[in-house]
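Heads up: the structure comes next, in C-alpha cells.
What you see below is based on every heavy atom in this structure, not just the backbone, and it leaves out hydrogens, waters and symmetry mates. Start at 1 and go down the list; that is how both ligands and their atoms are numbered.
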Amino acid sequence: MSLYDLEIAQWKQLLSAEPSYRADQIWQAIHKHAIRPEHLTSIPKQLRDSIAKTADLAPALSLVNLYTDDNELTEKALFKLDDQRVLETVLMHYSDRSTVCISSQAGCAMGCKFCATGQQGFYRHLTTGEIVEQVAWAISRTRTKRGSRRLTNVVFMGMGEPLANTKNLFKALQRINVDIGIGARHITVSTVGIIPGIRRFGKLNQQYNLAISLHAANNEKRTSLVPITRTYPLEALLEVLADYRRTTNRRISFEWAMMDGINDSDQDARELIAICVPLQAHVNLIPLNPTPKWPGSGSPMARVRSFSRILEMAGIVTSIRDNRGTKIAAACGQLAETHVTLGGDEGLFAAGSAKMDLSGLLD
Ligand code: SAH
Ligand code: SF4
C-alpha cells in the first residue's frame with residue numbers, strides 16, 4: 001500500500017474524524033496538483049504530520065537517479081520500490097507538448113529479443129499506485145523545471161507489458177484521466193498483442209489510444225522477434241483488432257522497430273500494408289535502439305525514410321519516431337535495471353525461453 005494506492009473511499013474512511021471535505025481536498029492535491037499531503041499548507045499541521053508518519057501513505061517511488069539528455073529536454077528517472085525492484089520513467093518535452101513514458105511492470109515476461117526489458121525477465125506487476133505516482137512525478141517535475149508547463153501526454157511504453165496487468169492498469173487509466181485530468185485521447189497504451197487484454201481494453205469503450213508493437217507482419221518472422229506470437233498468432237490478433245476497430249471506432253497504430261536487414265525490406269513494407277489497409281491503421285516507425293543482448297542494429301535513416309514512403313504511397317499515415325534519450329538509455333526498448341545493482345538476481349521468468357507458460361504472468 002502506498003500514497004496513490006488508496007481509493008477515495010479509503011481516504012474518506014481514514015479521515016472520518018475530519019471535516020467531510022478533507023478527503024476530497026487531499027485527493028485533489030495529490031492528483032490534480034501532484035502535491036504530497038505533508039506539503040499541503042491548507043490542511044492542519046497535525047494531520048500533515050500524522051499522514052507523513054503513516055507507512056501506508058508514503059510514496060511508493062524513491063528516486064535513485066535522474067539522467068538528462070537532449071539539452072535537458074529528455075529526463076529519465078530511476079526509481080526504487082520498497083521491495084528493492086527498480087523502474088524507469090522517461091519525461092520528454094517537445095515544443096508543443098510534454099509526454100511521460102511510464103512503466104507498468106518491473107521487468108517483462110514477454111521476452112522480445114531486441115528489448116532490454118524483455119532481456120531481463122519479469123519481476124512483478126506494478127500496483128495502481130506505483131503507476132499513477134510516475135505521472136504525478138512527471139507533473140511536478142515539469143512544473144518545477146519548465147515554469148508553468150503542464151504535462152500533456154501519457155504513454156505506456158516504458159518497462160513491462162500493460163495488458164498483462166489489466167486490473168491495475170485500468171484503475172490507473174481512470175485515475176490519470178478522471179482525477180489527474182489528462183484527456184483520454186492523450187493517453188496511449190502500447191501492447192505486444194495480448195489478445196484477452198485487448199478485448200478487455202476495448203470493452204472499456206473509452207477514447208484511449210491503442211498501439212500494437214508489431215515489428216513483423218508474418219508469423220514466422222514475428223515469432224523470432226516477439227515470441228508471444230506463438231501464443232497469439234497474427235491472424236487471431238488481427239481479428240481481435242478488427243473487432244476493436246468496429247466496436248470502439250478508434251483507429252489503432254502499429255509500432256515497428258526498424259532492424260537492419262531483418263524487417264526493413266520492401267517486401268516487409270508490402271506485408272505491413274496488407275495488414276494496415278483493412279484496419280485503417282497508422283504506423284509508427286522507430287529506428288531500433290541498441291540493447292545489450294541483441295546483436296542487430298537499427299536500419300540506416302535512408303532506409304527508414306524509404307520504408308516510410310512505401311507505406312505512405314499506399315495511403316498509410318506513417319510517422320518516424322525521433323530518437324530521444326539514446327545517450328542515457330532512455331529510448332524505446334532500452335529501459336532495464338542495468339544502471340544499479342539492487343539485488344541483481346535473475347528475473348522470476350527467464351527471458352525469451354522457448355515455451356511460454358503464461359500462467360501467473362497475466363493478471
Ligand atoms: N510492452 C509494451 C510497451 C513497452 S515497449 C509493448 O511492447 O508495446 C515500448 C515500445 O518500444 C514497443 O513498441 C517496443 O516494441 C519498442 N521497443 C522495444 N525494444 C526496442 C528497441 N531496442 N528499439 C526500439 N524500440 C524498441
Ligand atoms: Fe515486454 Fe514490450 Fe519489451 Fe516486448 S517490447 S519485452 S512486451 S516491454
Quick check on contacts: which atoms of ligand 2 are under 4.0 angstrom from a heavy atom of [X]?
| X | result |
| --- | --- |
| G118 | 6 (S) |
| G160 | 8 (S) |
| C115 | 3 (Fe), 5 (S), 6 (S), 8 (S) |

Worksheet item: Any chain of hydrophobic side-chain contacts (each under 4.5 Å) joining I320 to L214?
Response: yes
Worksheet item: Are V155 and V132 in one and the same hydrophobic cluster, where Ile, Leu, Val, Met, Phe, Trp and Tyr link if side-chain heavy atoms are under 4.5 Å apart?
Response: no
Atoms of ligand 1 less than 4.0 Å from [X] heavy atoms?
| X | result |
| --- | --- |
| G160 | 1 (N), 2 (C), 3 (C), 4 (C) |
| T191 | 6 (C), 8 (O) |
| N289 | 21 (C), 22 (N), 23 (N), 24 (C) |
| F156 | 3 (C) |
| T291 | 22 (N) |
| S213 | 6 (C), 7 (O), 8 (O), 12 (C), 13 (O), 14 (C), 15 (O) |

Worksheet item: Quick one: does G298 get a heavy atom under 4.0 Å from ligand 1?
Response: no
Worksheet item: Can you tell me if H215 has a non-hydrogen atom under 4.0 Å from ligand 1?
Response: yes
Practice prompt. Have a look at ligand 2 and work out which part of C108, if any, has a heavy atom under 4.0 Å from it: side chain, backbone, both or neither.
Written response: side chain
Worksheet item: Looking at L66, V90, D69, which one forms a side-chain contact (heavy atoms from CB on, under 4.5 Å) with K76?
Response: V90
Fill in: Crowding at CG, D83 (>12 non-hydrogen neighbours, <6.0 Å)
yes
Item to complete: Determine whether more than 12 heavy atoms belonging to other residues, nucleotides or ligands lie under 6.0 Å from atom CD of E7.
Response: yes
Item to complete: Return a yes/no value for I286: is any of its N or O atoms, backbone included, closer than 3.5 angstrom to an N or O of ligand 1?
Response: no
Determine whether the side chains of [X] and [Y] contain a donor N or O and an acceptor N or O closer than 3.5 Å.
| X | Y | result |
| --- | --- | --- |
| E271 | N218 | yes |
| T291 | Q334 | no |
| T166 | D363 | yes |

Worksheet entry | Among P287, C115, G158, closest by any non-hydrogen atom to atom 5 (S) of ligand 1 | G158
Discussion item. Quick check for you: to the nearest 0.5 Å, what is the distance between L237 atom CG and Y232 atom OH?
Written reply: 10.5 Å
Fill in: With N209, the side chain to side chain donor-acceptor pair (under 3.5 Å) member among R250, H282, R185
R250
Fill in: C112 near atom 3 (Fe) of ligand 2 via N/O/S, less than 2.8 Å
no
